Every structure is written in structure tokens, then in C-alpha cells.
> 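Following this message is one structure expressed as C-alpha cells.
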Amino acid sequence: MNLTQDMHRIEHWADAHHPVWVDFVRMALGIFLFVKGVMFIQDTAALQSIMRNSQFQWVSFGMAHYVAFAHLVGGLLIAMGLITRIAILFQIPILLGAVFFINPQRASTPKIPNSGHLSSS
């Protein structure tokens, strides 16, 4: 078979078997990331607090720029469906950094709020 014919056949199969709701989830994620990037830039007090409380203060300035850029550009690319895999690859270090370095206590020990409804007294 011809490579071009195989690619057209695979593309036709993917178009026919692609659920539309996945596109809506992708667009929502992209818009959410873009909005978080805008909020990250606008909230300078929280940004300064994160940089002060970070374990790696010497790279926090560069990390803040990376997070803002990756959220803004990556969010737009993900929402539009352009180079989504590469855009998501740039989001993974932000996710890992937030889980393991910014809030390490929250990541290791989840707290369940007790509203008094389950007390034994």
C-alpha cells in the first residue's frame, strides 16, 4: 500500500470514531489554563508569596515567567487544538512542581475537614 493512502485511511477512521465531548473537555482545559495564566500575572502579592516561600528561591523568578508563559501560550494552543501534545508537555513540570515543591505538605497528607457531623460524642 501507499503511505499517503494509509494516512488518509487512518485519518478518516479517526474522524469517524472521535467523540465530540473530548474536544469540549480539551477546549475547557485550554481556556482554564489561559485564565489561570492571566490570574497568575495579575495577582502579584500571591506571586511574591510563592517566590518567598519556595524552597528554590534562586530560580523562582524564572519559574514564575515560565509558568505564566506556559499557561498563557499553552492554554491558547490547547484550546485551539494546535500542537496540543507539546503544549501539554510544557504543563507537566508546572503540575509536578506545584504538587511536590510548592505545597509538599498538602500533597502528602490530604486533610479531610470535620464539620462535626461524624463525631462520636
Side-chain angles (χ1 to χ4, degrees):
M1 287 210 141
N2 188 358
L3 180 63
T4 307
Q5 290 173 347
D6 289 342
M7 291 301 294
H8 285 293
R9 189 170 49 89
I10 291 171
E11 184 178 349
H12 176 69
W13 182 89
D15 288 340
H17 294 88
H18 181 77
V20 177
W21 65 269
V22 174
D23 288 332
F24 287 110
V25 171
R26 177 190 44 83
M27 288 187 278
L29 174 67
I31 293 168
F32 174 76
L33 286 172
F34 180 78
V35 169
K36 287 300 286 184
V38 170
M39 290 171 53
F40 190 75
I41 291 172
Q42 288 179 345
D43 194 3
T44 57
L47 180 60
Q48 290 173 351
S49 172
I50 289 172
M51 289 195 298
R52 267 193 310 261
N53 296 332
S54 175
Q55 296 175 359
F56 303 103
Q57 293 178 357
W58 51 275
V59 294
S60 59
F61 184 73
M63 287 180 4
H65 282 80
Y66 174 78
V67 169
F69 180 78
H71 278 355
L72 290 173
V73 175
L76 284 177
L77 291 173
I78 291 168
M80 291 187 291
L82 303 172
I83 56 174
T84 55
R85 292 179 181 150
I86 294 172
I88 289 174
L89 281 176
F90 282 101
Q91 303 298 322
I92 290 173
I94 299 169
L95 175 66
L96 294 175
V99 169
F100 293 113
F101 296 119
I102 301 298
N103 291 319
Q105 292 82 19
R106 289 187 196 170
S108 62
T109 57
K111 295 185 180 190
I112 300 171
N114 187 1
S115 61
H117 298 293
L118 299 175
S119 63
S120 60
S121 55

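Just so you know, these numbers come straight off a predicted model, no measurement behind them.
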> Nearest 0.5 Å, what's the CE-CZ distance between Met39 and Phe34?
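Met39 atom CE to Phe34 atom CZ measures 12.5 Å (nearest 0.5 Å).
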> To the nearest 0.5 Å, what is the distance between CE on Met80 and CD1 on Ile31?
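Nearest 0.5 Å value for the CE-CD1 distance: 11.0 Å.
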> Kindly determine whether Ile92 and Leu96 satisfy side-chain contact (heavy atoms from CB on, under 4.5 Å), including the steps that lead there.
CA-CA 6 Å; Ile92 290 173; Leu96 294 175; 3.9 Å; yes
> Check whether Val20 and Met27 end up in the same hydrophobic cluster, where Ile, Leu, Val, Met, Phe, Trp and Tyr are linked by side-chain heavy atoms less than 4.5 Å apart.
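Val20 clusters together with Met27.
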> If we ignore hydrogens and angles and just use 3.5 Å, is the side chain of His18 paired with the main-chain N or O of Ala14 as donor and acceptor?
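Not a single qualifying donor-acceptor pair exists.
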> Tell me, with the steps shown, if His71 and Gln91 meet side-chain contact (heavy atoms from CB on, under 4.5 Å).
CA-CA 7 Å; His71 278 355; Gln91 303 298 322; 2.9 Å; yes
> So, taking the atom named CG in Leu29 and the one named OG1 in Thr84, what distance separates them when rounded to the nearest 0.5 Å?
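With rounding to 0.5 Å, CG (Leu29) is 10.0 Å from OG1 (Thr84).
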> Does Phe90 have more than 12 heavy atoms from other residues, nucleotides or ligands lying within 6.0 Å of its CZ?
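Not buried by this count: 12 neighbours or fewer within 6.0 Å.
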> Assigning hydrophobic clusters by single linkage (Ile, Leu, Val, Met, Phe, Trp, Tyr; side-chain heavy-atom cutoff under 4.5 Å), is Val22 placed with Val25?
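Cluster IDs for Val22 and Val25 match.
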> Starting at CG of Asp6, measure out to CZ of Arg9 and round the result to the nearest 0.5 Å.
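Those atoms lie 5.0 Å apart.
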> Rounded at 0.5 Å granularity, tell me how far CD1 in Ile78 sits from CD1 in Ile83.
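These two atoms lie 10.0 Å from each other.
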> Surrounding NE2 of His12 (heavy atoms of other residues, nucleotides or ligands, distance under 6.0 Å), is the total greater than 12?
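Counting neighbours around NE2 of His12, 12 or fewer heavy atoms of other residues, nucleotides or ligands fall under 6.0 Å, so no.
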> To the nearest 0.5 Å, what is the distance between CD1 on Ile88 and CG on Leu77?
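That separation rounds to 10.5 Å.
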> Give a yes or no on whether Phe69 and Leu82 share a hydrophobic cluster (residues Ile, Leu, Val, Met, Phe, Trp, Tyr; joining criterion: side-chain heavy atoms under 4.5 Å apart).
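Yes, Phe69 connects to Leu82 through the hydrophobic network.
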> I want to check something: taking the side chain as every heavy atom from C-beta on, are Phe32 and Lys36 in contact at a cut-off of under 4.5 Å?
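Yes; the side chains approach each other to less than 4.5 Å.
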> Can you see which heavy atom on Ala68 is nearest to which on Ile41, and at what distance?
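Smallest heavy-atom distance, with atoms named: CB-CG1, 3.8 Å.
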> What are the two closest heavy atoms between Ile94 and Tyr66, and how far apart are they?
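Closest pair (atom of Ile94, atom of Tyr66, distance): CG1-CE2, 3.7 Å.
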